[in-house]
Amino acid sequence: MRICHICSNFDNFFIDFMNEEKKQNIDFRVFCFGSKEKGCPQVEKSYLDKRLNFHNWQRYIFFLKENLVLKDFINLYDHENFDMYHAHTLFSNGYLAYRMNKINGKPYVVAVRDTDLNVFFKLRPYLRKIGVNILKNATKIIFISKNYKSELFSKYVPTKYISDFEAKSMVIPNGINDFFHRNSFLKVEDKYDAQNFNVVTVGWVSKRKNQLSVAKAINKLNNIGFNIKYTVIGKAKSKKIDDALRKFDFVERVPFTQQENLLQYYRNAQVFAMPSLTETFGLTYIEAMSQSLPVVYSKGQGIDGYFKDGEVGYSVNSTDIDEIANALPKIVENSPKLRNNCYYASSKFDWKKIVKQYKKIYKVVLN
């Protein structure tokens with residue numbers, strides 16, 4: 001089998017994915033594309049074809065941009081004999097797979113991610129019909145989150161298609177880098193202090209990741225006698241939010257750190273909190289769990305739905321400061337059980353296991 005991965009947002013997560021596919025002897029190439037102004041990720045891999053095939057302003061005219069990408073794709077792969085396509089987003093990548101399917105009849109699988117729901121379906125209603133057509137022609141539909149599947153089917157898929165879409169849908173999580181599995185850590189503590197503890201968040205500092213709401217929740221607790229420290233790790237996408245975080249005296253800002261150091265930040269904390277406004281999955285939740293660190297996550301987003309509430313942490317309304325504040329000491333109070341659950345649950349998110357699932361899907365599609 002020869003696969004063409006269509007992936008316009010190639011990053012470290014996809015490097016782990018593709019490296020494991022190579023280990024499992026899957027033959028593939030990755031088509032990564034971007035605008036001439038912004039470029040493609042600074043990654044060089046033998047299997048990666050990086051193409052700059054449109055101008056940034058053309059992103060806002062969907063079919064113009066996509067037709068330019070399609071033309072370049074056909075020119076690049078004129079003599080390639082792919083058996084199928086794996087589109088890693090529904091709209092930007094899935095449309096290309098859909099068009100190629102119309103041209104040469106080759107099947108495709110398509111993934112539904114955060115941007116597909118929260119930008120394309122939600123904010124661009126004129127594109128909903130083509131989104132449904134891409135889903136209709138896909139052989140398999142992959143959801144990273146059960147909640148995204150429910151949201152898509154309840155809000156945007158016509159009732160007449162739901163049973164067909166349901167039959168070919170699968171929920172498959174993302175995996176975390178093998179470094180965290182090799183260094184997984186079961187933390188055992190004799191004493192827990194629900195008044196004095198450390199909270200950590202790892203991710204881009206931005207409105208979407210919602211670190212400022214966590215800081216406000218901690219500030220509220222500290223004002224009534226708690227002593228909570230908050231470490232925020234990640235580069236700043238929003239200077240305004242970064243500046244606001246630095247004004248809290250209990251906040252430690254770490255713009256970047258290596259994986260080896262990240263282990264210690266996870267192990268030194270009692271709570272990982274990232275109640276993102278939107279989140280396809282959120283690898284850092286699982287990284288934290290591999291170090292037996294319980295998590296606060298958003299209802300209806302990311303890992304919500306993979307676990308029962310109170311199993312590895314607690315889900316919260318991401319816009320409710322009081323709910324976030326209540327969850328933090330609750331985790332510490334229930335820490336022994338939660339830590340144990342986190343440690344063992346994290347092993348499920350292993351790329352070796354996940355790629356085996358994809359390999360079975362590819363065989364089904366091609367048969």
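Predicted model only: the values in this text are computed from it and were never measured.
Checked for salt-bridge contact, Lys239 and Asp243 meet the test: a charged N lies under 4.0 Å from a carboxylate O. Salt bridge present: Arg2 and Asp27 bring a charged side-chain N and a carboxylate O closer than 4.0 Å.
For Tyr362, the ring-ring contact (aromatic ring centres under 6.0 Å, His included) partners two or more places apart in sequence, or in a different chain, are His86. Remark: Leu277 pairs with Lys207, Asn210, Ser318, Thr319 by the side-chain contact (heavy atoms from CB on, under 4.5 Å) rule, at least two apart or across chains. Applying the ring-ring contact (aromatic ring centres under 6.0 Å, His included) rule to Phe272 yields the partners Tyr285; only residues at least two apart in sequence or on another chain are considered. Legend: residues meeting side-chain contact (heavy atoms from CB on, under 4.5 Å) with Ser35, ordered by chain and number and at least two apart, are Glu37, Lys38, Phe54, Asn56.
Of the possible polar contacts, none joining the Asp309 side chain to the Tyr314 backbone as a donor-acceptor pair under 3.5 Å is found. Side chain of Trp351 to main chain of Glu20: no donor-acceptor pair is present (N/O by atom type, distance under 3.5 Å, no hydrogens or angles). A donor-acceptor contact shorter than 3.5 Å links the side chain of Arg253 to the backbone of Gly234. Judged purely by atom type and a 3.5 angstrom limit, Lys359 has no side-chain atom pairing as donor or acceptor with the backbone of Ile26. Side-chain N or O atoms of Lys149 include none that pairs as donor or acceptor with a backbone N or O of Val112 at under 3.5 Å. No side-chain donor-acceptor contact under 3.5 Å links Asn227 to the backbone of Gln195. Looking at Arg29, its side chain does come within 3.5 Å of a backbone N or O of Ser46 through a donor-acceptor pair. Checked by atom type and distance alone, the side chain of Asn101 never pairs as donor or acceptor with a backbone atom of Ala97 at under 3.5 Å.
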May I have the list of side-chain donor-acceptor pairs in residues 254-262 shorter than 3.5 Å, sequence neighbours left out?
| residue | atom | partner | partner atom | Å |
| --- | --- | --- | --- | --- |
| Thr257 | OG1 | Asn261 | ND2 | 3.3 |

Scan the side chains in residues 61-70 for donor-acceptor partners under 3.5 Å anywhere in the protein, sequence neighbours excluded, and list what turns up.
| residue | atom | partner | partner atom | Å |
| --- | --- | --- | --- | --- |
| Asn67 | OD1 | Arg99 | NH1 | 2.9 |
| Asn67 | ND2 | Phe63 | O | 3.0 |

Side-chain donor-acceptor pairs under 3.5 Å in residues 153-161, sequence neighbours left out?
| residue | atom | partner | partner atom | Å |
| --- | --- | --- | --- | --- |
| Ser154 | OG | Ser150 | O | 2.9 |
| Ser154 | OG | Glu151 | O | 3.2 |
| Tyr161 | OH | Lys136 | NZ | 3.2 |

Report, one line per pair, each donor and acceptor closer than 3.5 Å where one atom sits in a side chain of residues 287-302; sequence neighbours left out.
| residue | atom | partner | partner atom | Å |
| --- | --- | --- | --- | --- |
| Glu287 | OE1 | Tyr266 | OH | 2.9 |
| Ser290 | OG | Glu287 | O | 2.6 |
| Gln291 | OE1 | Arg267 | NE | 2.8 |
| Gln291 | OE1 | Arg267 | NH2 | 3.1 |
| Gln291 | NE2 | Asn183 | O | 3.2 |
| Ser292 | OG | Phe185 | O | 2.9 |
| Ser292 | OG | Lys187 | N | 2.8 |
| Ser298 | OG | Pro275 | O | 3.3 |
| Ser298 | OG | Ser276 | N | 2.9 |
| Ser298 | OG | Ser276 | O | 2.6 |
| Lys299 | NZ | Glu323 | OE2 | 2.8 |
| Gln301 | OE1 | Tyr148 | OH | 2.7 |
| Gln301 | OE1 | Glu279 | N | 2.9 |

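Within the structure, salt bridge (charged side-chain N to carboxylate O under 4.0 Å, His left out) contacts touching residues 211-235 (residues at least two apart or in different chains) are Lys220-Asp322. Applying the salt bridge (charged side-chain N to carboxylate O under 4.0 Å, His left out) test to every pair with at least one member in residues 3-16, sequence neighbours left out, gives no pairs at all. Identified under the salt bridge (charged side-chain N to carboxylate O under 4.0 Å, His left out) test for residues 102-111, with sequence neighbours left out: none. Listed by first then second residue, pairs satisfying ring pair (Phe, Tyr, Trp, His ring centres under 6.0 Å) with a partner in residues 220-253 read Phe248-Phe250, not counting sequence neighbours.
Closest approach of Val132 and Phe121 over heavy atoms only: N-CZ, 4.4 Å. When every heavy atom of Ile331 is checked against every heavy atom of Leu338, the shortest pair comes out as O-CD1, 3.7 Å. Between Val316 and Ala327, the shortest heavy-atom distance links the atoms CG1-CB, 3.8 Å. Here the shortest heavy-atom pairing between Arg59 and Arg124 reads O-NH1, 4.1 Å. Residue Lys50 comes nearest to Cys40 through the heavy atom pair CD-CB, 3.8 Å, listed as atom of the first residue, atom of the second, then distance.
Residues Tyr95 and Phe91 place their aromatic rings such that the two centres sit no closer than 6.0 Å.
Geometrically, Lys237 engages Trp204 in a cation-pi contact defined by less than 6.0 Å to the ring centre and at most 45° from the axis.
For the residue pair Asn93 / Tyr108, no side-chain donor-acceptor distance below 3.5 Å is found, with atom types taken as modelled.
A perpendicular orientation is assigned to the rings of Tyr306 and Phe349, their planes being inclined by more than 60° (bins at 30° and 60°). Note: Phe14 and Phe17 have parallel aromatic rings, judged against thresholds of 30 and 60 degrees for the angle between ring planes.
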* To do: Give the C-alpha distance, both sets of side-chain angles, the deciding distance and a yes or no for side chain to side chain contact (heavy atoms under 4.5 Å, CB included) between Leu48 and Val43.
  => CA-CA 8 Å; Leu48 182 63; Val43 178; 4.3 Å; yes
